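The shown structure was predicted, so the numbers you read here are calculated from the model rather than taken from an experiment. One-based numbering, in listed order, for ligands and for the atoms of each.
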Amino acid sequence: MPTNATTRRMNGGHAVVDCLRNEGVRHVFNVPGESFTSILDGMRDMTQMQLISNRQEGGACLMAEAYAKASRMPGVCVVTRGPGATNASIGVHCARHDSTPLVLLVGQVARSARGREAGQEIDYTHFFGSIAKWVIEVNDPIRVPEVMTRAFHIARSGRPGPVVVSLPRDMLDETADVPLIAPYPVIRANPEPALIQDMIERIAAATNPIIMAGSGTEYAGARADLIAFSETFQIPVVTTYRRLSAFPNDHAHYLGNLSSAQSPAREAVAGADLVVAIGTRLNQQSTAGFTLPHPGQTVIQIDPSEDVIGQNHRPDIGIVSDVKLALSAALHHPAPAPKANRQGWIDEYRKVQQEWATPPERPTGQVSMEKVMMDMKATLPKDTIHTVDAGNFALWVHKYQEFSTPDTFFGPTVGCMGYGVPAAIGAKLAHPDRVTIANCGDGGFMMTGQEMATAVQYGVKIITVVYNNGALGTIRMHQEAQYPNRPSGTDFVNPDFAALGTAYGGLGMKVTRDNDFLPALQEALKADKPALIEVMTDLEFISPTAKLSQVTAGQPGR
Ligand SMILES: Cc1ncc(C[n+]2csc(CCOP(=O)(O)OP(=O)(O)O)c2C)c(N)n1
């Protein structure tokens with residue numbers, strides 16, 4: 001603690017709230033617990049921050065995670081000890097895999113009870129150890145500002161991620177002279193000029209280089225630099241798994257996303273002689289199970305974290321740098337003319353990509369997903385935000401929606417069901433003026449759909465679309481592929497989702513025919529409250545490219 005710091009007399013809980021205000025936090029997501037009543041008390045007087053009380057900690061933490069993605073500021077979630085923390089762990093895991101800055105504050109048992117398996121006690125260092133970037137317990141109110149400022153710094157620096165701060169209940173209630181500490185300054189790594197030079201020379205010498213753009217490009221606010229880099233050096237771009245809005249989909253250099261197994265984007269990456277991986281750890285889904293880039297390809301990786309460089313693939317050049325600074329340094333270098341004109345093959349791939357992203361007419365016994373996708377694409381404003389839950393229905397969103405405005409797609413790369421609704425609420429709070437659609441399967445909706453009550457309570461006007469095929473379709477597909485004609489445990493008897501939407505205080509509608517979706521969507525857009533559209537879909541149409549019966553017969557499912 002700095003000795004010359006100004007101090008103020010307050011309890012630990014109020015000190016926590018004061019730190020949140022200092023960090024510029026606007027929304028705090030929580031499920032109240034008796035272990036942090038002093039934080040709740042401190043929040044009462046905060047006009048700059050809104051306290052959002054959720055219905056389950058899983059929803060609260062995923063909401064904070066998606067809010068962070070959408071606002072590019074650390075999300076903040078407060079939960080109680082034990083069961084509150086274990087419920088919230090889904091959001092911490094998601095933030096870890098998705099590289100999202102998140103600060104989870106957990107009320108802890110009193111200091112005198114620690115280590116005795118006290119009521120609801122957990123040692124959070126062990127519990128969150130493998131999924132959080134940092135876990136710390138604060139045992140003295142005087143240390144609250146020091147730990148909180150560092151927690152925010154760690155969450156947002158390098159590869160962003162989740163931080164867990166454990167706050168013993170009696171510490172939060174204790175009054176002390178608490179120092180005032182300013183938030184950390186933004187610390188950005190500069191690229192090494194020799195490596196930028198080397199990169200430019202290799203790009204000029206390459207025949208068909210390609211850029212894999214990950215979340216690091218978005219988090220760094222480097223979109224304009226990325227576009228200029230792609231245009232100046234004549235390199236096309238694909239986006240990594242579930243980072244669909246990392247590059248404008250309507251740009252002539254966009255060759256698709258790596259979110260679908262059969263995407264031409266994969267072929268484009270496999271056929272390149274040079275891969276520039278920017279702001280991505282080259283995760284399993286983006287690399288076809290760690291098979292891309294392949295050994296014959298030159299790899300240049302740019303990332304603010306040296307831990308990410310080479311995490312999954314040995315790079316030929318690794319540039320530890322803020323993404324925006326690295327791209328802008330490259331743009332300030334004189335660009336040698338590329339060895340070959342690349343426009344021809346870029347245009348060819350682009351044509352293939354556009355054909356792939358155009359849905360065929362595919363009538364089903366119920367509502368066709370293709371028709372729903374086309375109606376949404378034609379009707380919704382360009383800056384509409386889509387969130388997706390986990391499940392096969394999301395494959396249609398990946399394939400057929402266009403994301404040309406920044407921050408318009410949020411999906412969990414970790415694949416956690418229950419993401420869609422809380423993520424839509426979090427994203428809408430960050431961008432209140434945008435239409436926000438939560439795309440959910442019937443299975444995923446049931447995991448956190450209760451947060452629709454939160455949306456109604458706080459007037460967060462999201463539109464939830466529940467694609468109801470009466471089953472855990474994805475798992476059923478895997479069952480048919482591995483154990484044909486032996487479905488087990490994957491069918492549902494579902495509630496009436498439209499009635500449930502109405503019961504929550506929203507506008508609930510059910511769509512059973514193709515032509516009824518568009519009017520329902522228009523109603524939802526006009527509504528002055530959150531809406532839920534239940535879309536009855538046919539399980540036989542298990543993915544955009546396969547029928548369930550084909551999978552049973554031994555043909556691939558995705
Ligand atoms: C929290 C969680 N539990 C289980 C799974 C495994 N899982 C992946 S997809 C899926 C089925 C999703 O079903 P639904 O939401 O109805 O969508 P569908 O696949 O039918 O389109 C399951 C159970 C998961 N990814 N996350």
- Query: Do the side chains of I39 and L167 get nearer than 4.5 Å, heavy atoms only?
  - Reply: yes

- Message: With a 6.0 Å cut-off (strictly less than), is the heavy-atom count around CD of Q482, excluding the residue itself, greater than 12?
- Response: yes

- Is the shortest distance from a Lys or Arg side-chain nitrogen in E451 or R55 to a carboxylate oxygen in the other one below 4.0 Å? no

- Is a donor on one side and an acceptor on the other found under 3.5 Å between the side chain of S245 and the backbone of T408? yes

- Message: Using a 4.0 Å cut-off on heavy atoms, what residues surround ligand 1? Order them by chain and number.
- Response: A390, G391, N392, F393, G415, M417, G441, D442, G443, G444, M447, N469, A471, L472, G473, T474, I475

- Of Y419, F492, F497, F393, the one forming a ring pair (Phe, Tyr, Trp, His ring centres under 6.0 Å) with F445 is F497

- Message: Please check this pair: side chain of R159 against backbone of R96, looking for a donor-acceptor N/O pair closer than 3.5 Å.
- Response: yes

